[in-house]
Amino acid sequence: MKKSSTQALVVRPIVTTDGVFLAHYTEKGLAELNFPGKGSEVGRGFSRAANKKVFPAKIPAWHRLTEAALKKALTGHAPKKLPPLDWSGTTTFQQSVWREMLKIACGETRSYGQLATNIRKPAAVRAVGGACGANPIPVLVPCHRVLAAHGKIGGFGGGLDWKRRLLAREGMVL
DNA sequence: GTCACCTTAGAAG
DNA sequence: CTTCTAAGGTGAC
């Protein structure tokens, strides 16, 4: 299955001490969450939602969960509950990587290599990096807890300072 | 088809 | 220590 059917997005803002995040929802759940300050990201992909009449009653409830989870995560606290996540437009490889990342506890880290090993594809180290970069739901899916080997910070698509800041809040020192 | 990417262990200089 | 290489998965061009 490729990307396709799942669109019909609804976007809701989440105001935090770090700025305004934008949460994108489909009828299946939270599909994307993006960092503040990137106005450019706002225009891509959900404009068609304005034409849709669909606005599942569940969305306000999901949004409440997302907001609570995001704020907790931003203070270095593990969210106790997450809204349903809609990963329908992604590959199974990516999903397995993200599922594995969700297991990383607050204050812990993994290397790309460790993650690759955990999903039974030890040679797909770089692919794991690619999956992290493709992660549509940063912070809640802790892609920032994935470091390169030997404690190196590695990279971060949305801005390396975010990665450092998030890690620092969880009490980590590089 | 080609290239660039949030990588890494190992071999060579 | 530094540099180079090979190997996965995916999306942009």
Side-chain angles (χ1 to χ4, degrees), chain A residues 1-9 11 16 18-19 21-24 26 28-49 66 69-70 73-76 78-79 82 85-174:
Chain A
M1 70 178 122
K2 307 283 77 169
K3 50 177 47 179
S4 60
S5 50
T6 316
Q7 56 249 333
L9 305 179
V11 183
T16 71
D18 290 282
F21 285 69
L22 293 176
H24 300 220
T26 66
K28 294 179 184 170
L30 177 64
E32 183 179 341
L33 182 66
N34 48 43
F35 286 114
K38 310 291 173 62
S40 52
E41 300 175 6
V42 177
R44 104 186 164 193
F46 72 92
S47 45
R48 57 176 75 117
T66 302
L70 178 60
L74 289 175
T75 58
L82 293 178
L85 305 181
D86 180 7
W87 285 338
S88 53
T90 64
T91 66
T92 53
F93 175 82
Q94 294 174 323
Q95 287 171 34
S96 47
V97 171
W98 300 331
R99 263 197 299 279
E100 196 60 38
M101 289 195 287
L102 285 173
K103 297 181 188 171
I104 306 175
C106 212
E108 280 180 34
T109 60
R110 283 290 210 301
S111 68
Y112 295 96
Q114 178 63 63
L115 221 44
T117 298
N118 288 350
I119 62 174
R120 302 305 187 97
K121 295 201 174 198
V125 186
R126 287 180 294 154
V128 169
C132 284
N135 175 17
I137 310 175
V139 186
L140 296 188
V141 175
C143 47
H144 58 281
R145 293 191 194 130
V146 184
L147 305 182
H150 309 309
K152 284 176 304 201
I153 186 76
F156 200 79
L160 208 48
D161 65 321
W162 269 106
K163 189 169 183 175
R164 294 203 186 89
R165 194 187 320 183
L166 291 168
L167 287 172
R169 287 181 188 174
E170 294 181 5
M172 296 199 253
V173 184
L174 300 179

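All values derive from a computational prediction rather than experimental measurement. Reminder, nothing fancy here: chain letters follow the sequence lines and each chain counts from 1. Side chains included, hydrogens not; waters and symmetry mates left out as well; all remaining heavy atoms used.
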Review point. Between residues 125-143 of chain A and DNA chain C, which residues have a heavy-atom gap below 4.0 Å?
Key: Arg126(A), Ala127(A)
In whole angstroms, how far is the [atom2] atom of [N] from the [atom1] atom of [X]?
X         : N       : atom1 : atom2 : value
Gln95(A)  : dT10(C) : CD    : P     : 11 Å
Arg110(A) : dT8(B)  : CZ    : P     : 14 Å
Met101(A) : dT7(B)  : CE    : P     : 13 Å
Ile153(A) : dT8(B)  : CD1   : P     : 12 Å
Arg164(A) : dC6(B)  : CZ    : C1'   : 13 Å
Trp162(A) : dC6(B)  : CH2   : C1'   : 17 Å
Asn118(A) : dT7(B)  : CG    : P     : 18 Å
Lys152(A) : dT2(C)  : NZ    : C1'   : 13 Å

Considering only side-chain heavy atoms of [X], which listed nucleotide, [options], is closest?
X         : options                 : answer
Phe156(A) : dT10(C), dT8(B), dC6(B) : dC6(B)
Tyr112(A) : dG11(C), dT8(B), dG8(C) : dT8(B)
Ala123(A) : dG11(C), dG8(C), dA9(B) : dG8(C)
Ala124(A) : dA9(B), dG8(C), dT10(C) : dG8(C)

Just so I know, are the side chains of [X] and [Y] near enough to count as touching, which here means a heavy-atom distance under 4.5 Å?
X         : Y         : result
Glu100(A) : Val128(A) : no
Lys152(A) : Ser111(A) : no
Pro138(A) : His144(A) : no
Asn118(A) : Lys103(A) : no
Ile104(A) : Val146(A) : yes

Point to revise | Exam field: side chain Asp18(A) to backbone Leu74(A), donor-acceptor pair closer than 3.5 Å | key: no
Review point. To the nearest 0.5 Å, how far apart are CD1 in Ile137(A) and CD in Glu32(A)?
Key: 8.5 Å
Review point. About how many Å separate SG of Cys143(A) and NZ of Lys163(A), when rounded to the nearest 0.5 Å?
Key: 8.0 Å
Looking at every strand, decide which applies to [X] at a 4.0 Å heavy-atom threshold: base, sugar-phosphate, or nothing.
X         : value
Lys121(A) : sugar-phosphate
His144(A) : nothing
Phe93(A)  : sugar-phosphate

**Study point:** Side-chain N,O (His150(A)) to OP1/OP2 (dA9(B)) below 4.0 Å
**Key:** yes
Point to revise | Derivation and outcome, ring pair (Phe, Tyr, Trp, His ring centres under 6.0 Å), residues Trp162(A) and Phe35(A) | key: CA-CA 9 Å; Trp162(A) 269 106; Phe35(A) 286 114; 4.6 Å; yes
Measure all distances between protein nitrogen or oxygen atoms and nitrogen or oxygen atoms of nucleotides 3-6 of chain C, and list the pairs falling under 3.5 Å.
none

Study note, to complete from the structure: Per-residue pairing states of DNA chain C in dot-bracket (Watson-Crick or G-U under 3.5 Å; . unpaired, | other strand) read |||||||.|||||
